[in-house]
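Down below is the structure, laid out as structure tokens.
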Amino acid sequence: MNSSLIKKDTITLDANTFDPDVTFDCGQCFRWDKREDGAWCGVAYGRKLTVKKDGGGLFIEGADECTFEAVLKGYFNLDRDYDKICGQLSGDPVLAAAIQFAPGIRILRQEPWEALCSFIISQNNNIPRIKGIVSRLCENFGDLIADGEHAFPPAERLAPLSVQELSPLRSGFRAGYILDASRRVVDGEVDLAALSEMPLDDARKSLMKIKGVGPKVADCALLFGCGRLDAFPVDVWIKRVLARFYPDGFPQEYIKYGGIAQQFLFHYARCCEDSGF
DNA sequence: AGCCAGGACAAGT
DNA sequence: ACTTGTCATGGC
């Protein structure tokens with residue numbers, strides 16, 4: 001993947017297969033919004049970023065080359081060979097159709113704590129409201145990093161708080177879950193940094209010690225926050241896909257990149273519910 | 001107005 | 001091990 005520095009704090013990529021519209025709007029992240037001019041604005045790793053696609057180029061504004069190499073390349077999954085991965089996954093006809101439907105989806109590797117916290121909030125909730133709660137969480141407790149933009153508050157910032165103090169979030173019964181998660185992370189009972197290396201099942205069990213974290217939320221945290229592309233979150237949409245197309249279970253030969261497959265299937269099913277996908 | 005949302009938990013078979 | 005009611009809030 002070629003990248004070049006055309007001006008300070010703007011990276012230009014030859015990344016014509018990366019589709020910001022679907023990547024930022026497919027339910028994996030909650031801090032990106034599309035501007036009137038079509039550019040996407042969001043906060044990741046404590047930086048305010050703007051992503052714009054123009055012709056075949058992808059413009060990332062808000063980070064220098066050094067930051068891009070160290071952090072953002074991984075965040076945008078530009079260090080993965082999606083052509084190769086999607087080629088493999090397309091050996092399955094259903095996956096081939098889902099990938100062809102939106103080939104530009106990329107799994108974002110978010111900060112582990114942000115992903116965990118966001119998907120705790122996501123349970124029995126809808127995407128617009130999840131974004132609202134996450135937004136209020138950052139506004140109330142995250143460091144100010146630019147005009148009107150806040151970083152995601154670290155677990156250390158939330159752990160000392162009470163449920164009452166989280167009431168501005170209007171997160172309902174999830175407030176206690178957020179606090180339980182932040183406390184277990186702060187006291188080291190859950191080691192987020194170690195989750196990317198552990199056997200997958202151990203990592204899931206570790207996360208599920210947290211009140212409010214079941215199999216689905218654990219898998220989302222691992223996939224979207226720890227780079228575990230073998231994690232396969234099963235929500236209501238994926239259950240429908242599995243029941244209809246994979247009655248004997250998801251084929252094991254594709255489980256190595258099951259998380260990527262899952263996101264293509266999730267988006268496909270959600271977009272095509274009326275046509276019976 | 002009423003149904004449902006990228007679920008998890010506790011209590012019940 | 002599987003099923004069911006409940007949880008707090010608001011988007012559509």
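Chain naming here is simple, since letters A, B, ... match the order of the sequence lines and numbering starts at 1 in each.
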Main-chain N/O of Tyr75(A) paired to Arg109(A) side chain as donor or acceptor, under 3.5 Å: no

Expected output: side-chain Gln263(A) to main-chain Ile105(A) donor-acceptor under 3.5 Å: no

Test item: side-chain donor near acceptor, Thr67(A) and Asp64(A), under 3.5 Å: yes

Sugar-phosphate only, base, or nothing, as touched by Gly212(A) at under 4.0 Å among non-hydrogen atoms: sugar-phosphate

Whole-Å P distance, dG5(C) and dC3(B): 15 Å

Separation of the C1' atoms in dC7(C) and dA5(B), to the nearest angstrom: 13 Å

Residues Asn125(A), Arg129(A); criterion side-chain hydrogen bond (donor to acceptor under 3.5 Å, both in side chains); working and verdict: CA-CA 7 Å; Asn125(A) 212 341; Arg129(A) 197 166 87 95; 3.1 Å; yes

Touch class at under 4.0 angstrom, heavy-atom based, for Phe224(A) against every strand present: base

Atom-to-atom span, CG of Asp219(A) to C1' of dG7(B) - whole angstrom: 13 Å

Whole-Å gap separating P (dC4(B)) and CD1 (Ile130(A)): 18 Å

Integer-rounded Å distance: dA5(B) C1' and Arg240(A) CZ: 10 Å

Nucleic acid contacts of residues 198-211 of chain A, taken as heavy-atom distances under 4.0 Å to DNA chain B: Ile210(A), Lys211(A)

Footprint string (nucleotides 1-12 of chain C, 5' to 3'): B base within contact, S backbone only, - free, heavy atoms under 4.0 Å: ------BBBBSS

Derivation and outcome, side-chain hydrogen bond (donor to acceptor under 3.5 Å, both in side chains), residues Trp40(A) and Asp25(A): CA-CA 10 Å; Trp40(A) 286 89; Asp25(A) 202 26; over 6 Å; no

Tyr82(A) six-ring face occupied by Arg106(A) cation (under 6.0 Å, within 45°): yes

Rounded distance (Å) that lies between atom C1' of dG6(B) and atom CD of Gln110(A): 13 Å

Sidechain N-carboxylate O distance under 4.0 Å for Arg228(A), Asp230(A): yes

Trp237(A) CH2 - dC4(B) P separation (whole Å): 12 Å

Touch class at under 4.0 angstrom, heavy-atom based, for Ile133(A) against every strand present: nothing

Whole angstrom value for the distance that separates C1' of dA5(B) from CD1 of Ile120(A): 17 Å

Parallel, tilted or perpendicular, as decided by the 30° and 60° cut-offs, for the rings of Phe24(A) and Phe18(A): perpendicular

Ala159(A) backbone acceptor or donor facing Arg183(A) side chain under 3.5 Å: yes

Pairwise P distance, dA8(B) and dG10(C) [rounded to whole Å]: 22 Å

Between P of dC9(B) and NZ of Lys216(A), the distance in whole Å: 14 Å

Which residue lies more 5' along DNA chain B, comparing Cys26(A) with Val213(A) via nearest heavy atoms: Cys26(A)

Nearest-Å distance once atom C1' is located in both dG11(C) and dA1(B): 14 Å

Contact list for residues 116-138 of chain A, test ring-ring contact (aromatic ring centres under 6.0 Å, His included), sequence neighbours left out: Phe30(A)-Phe119(A), Phe119(A)-Phe224(A)

Rounded interatomic separation in angstrom, taking CD1 from Ile178(A) and P from dA8(B): 15 Å

